[in-house]
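Following: one structure in structure tokens, then a few remarks.
A quick note: this is a predicted structure, and the numbers were derived from the prediction, not measured. Naming: A, B, ... by sequence-line order, numbering from 1 per chain.
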Amino acid sequence: MVQCWSRLPEELLGCITNRLHSIEDLVKFGAVCRSWRSVKIQKSYCSLKHYTPWLMLVESESNDIRGFYSLSNNKVYHLHLPEAHGRRCWGSPHGWLVTIGIDLEIHLLNPLTRSRLRLPSQPTFQDLYFPAQTPKEIRDSFIGKAVICSSPLSSSGDHQNCIVMAIYGELSLLAFTRPGDTKWTTLENCPPGFIDLIYSNGHFYALQSLGDVVICDINSPHPKPIYFASSPEGDFVERKYLVDLSGELHMVLRNFENIESYSSPKSRTIDFKIYKLVSGTRQWVEVHCLEEQALFVGNNSTFAISVSDHPGFQVNCIYFTDDYSLFYKFGGGGGDMGIFNFADHTIQPCNLAHDIISDFSPPIWISPNLW
Amino acid sequence: MSSTKIFLKSSDDKTFEIDETAARASETLKNIIDGGCLDGVIPLPNVSSNILPKVIEYCKKHGGDNGSSKKIANGGVDKDKEILPDYDEEEDKREKVRVDELKKWEEEYMDFDQQVLYDLMLAANYLHIKGLLDLTVEKAASMIRGRTPDQIRENFNINSDFTPEEEEEMILIEDEWDDEWAFD
């Protein structure tokens, strides 16, 4: 039997690709022969997986090549990506970025395939109180965070299953849209001051600056936030994140060192805490271990990977990037980046020799995907 | 306690004997046995006599111990039952030895070439032996991870069937990707 492996039943080839956790391996798998390629490009096997995360580096002014650092094999991949040039980006575990440029256009962009889907532009947001901003100011600060619920290509047909939720404007309100929509829809009776959001178990959850969590009801004719849980008691920190860990909602608290002046980018993060929301009582309980997971926070939908599937990452660690955009203009953002170890509460700063400083879009985590 | 013997017939008409408890490691065989069709020999037209002994070897190792590994999870949930601490430790030790031994066995068991791997994977799939399917799929995946397409083809004895144009296109993609270094 010659050439039998190229005729392995598709179901079994699918099982094999399911065990390839880095996108590099998947691409090389698809370059072996035609039948393997046809399995590789079947999205049912790949679109729901979270491949080994890459750190998207900052752009160089001179060309359209963008570097992506793969921590698992210590390589930097240079991808031709003019679509991201000059645009502020947010990462996700689904292989897609949300981007906004000084043209005020907003897109979903897959940096690996260069697929791009148009979202309604910035002027279609409602309740804009202070419109007198320059395009550059809008690009740099209008959107606080943007989160997608899935890859826009993960289901067949149109992209209507892909919902993008954003925190926007001076008041930090919530609005959502889909590829193909004509405008962004602001949640009704939306209180101001949202600082983070996440998609978990079929719903968007958003976090207010004082710590209350709302669940976003976007299926009714009057989409609105509904109170869901209060804040953990006694913790007032500047930065908080929501994350889905094994299907359960968690809150991550990031503590900064007090620095008097911000003349240059520097490391400010000193500690993290994690709380788990107990589903029955909706009370927060502090957890002290991430077990076999590694967590990724910054300008991305906060997500976790199981380290056993992704060699090269450390268990029980938080990989964080610099997302404190208020300070980007003071010499650039990107300096506050590193690996926090939950076991001993130490921080290993990021020693990447590549340029990591940008005044509008510093490095971000993304889990690459072909779909 | 001896168990009922079952006879399996390979695609090339050779008959092999297996204990019923071992045969139950296969969902397919288990269904046939439970269906009461045990008068005589079970024909397996998709499994050759080269590979059937290998499958039986796996079933013998795994068929008997279904659920017999006593896990005292989290120090025992039932506090009413007096479980002596040193008994726990002993059990843990035994469990660890058992797992280590099984790993070693699997390592030796899985030491074969890609042709056997191919046949064994198909047999495990056909007979619905999940553990064996997982092992074979994992071995195949490990022969792909971190390799170039050329190395993968060599590992699996595959010839490229892409046109020269397609090959060139893929080489370009790889060149673009193939950039070195970063930390430290």
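With a threshold of 4.5 angstrom between heavy atoms, B:L117 approaches chain A through its backbone and through its side chain. Both the backbone and the side chain of B:D134 have a heavy atom closer than 4.5 Å to some heavy atom of chain A. In this structure, chain A has a heavy atom under 4.5 Å from the side chain of B:N125, while its backbone stays farther away. Using a 4.5 Å cut-off between heavy atoms, B:Q114 contacts chain A through both its backbone and its side chain.
No more than 12 heavy atoms of other residues, nucleotides or ligands lie within 6.0 Å of NE2 in B:H128, so this atom counts as exposed by the packing criterion.
The backbone N or O of A:C317 lies less than 3.5 Å from no partner atom in the side chain of A:N341, so there is not a single donor-acceptor pair.
Geometrically, A:K49 engages A:Y51 in a cation-pi contact defined by less than 6.0 Å to the ring centre and at most 45° from the axis.
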Next on the checklist: As a quick check of understanding, evaluate ring pair (Phe, Tyr, Trp, His ring centres under 6.0 Å) for A:H78 and A:F68, giving each step before the final call.
Outcome noted: CA-CA 6 Å; A:H78 291 276; A:F68 290 82; 9.3 Å; no

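Note on B:I152, B:L133, B:D150, B:T136: by heavy-atom pairs under 4.5 Å with chain A, the leading option is B:I152. For the options B:R145, B:Q151, B:R147, heavy-atom pairs under 4.5 Å to chain A are most numerous at B:R145.
Taking the six-membered ring where the residue is Trp, A:F272 and A:F320 present tilted rings, their angle falling between 30° and 60°.
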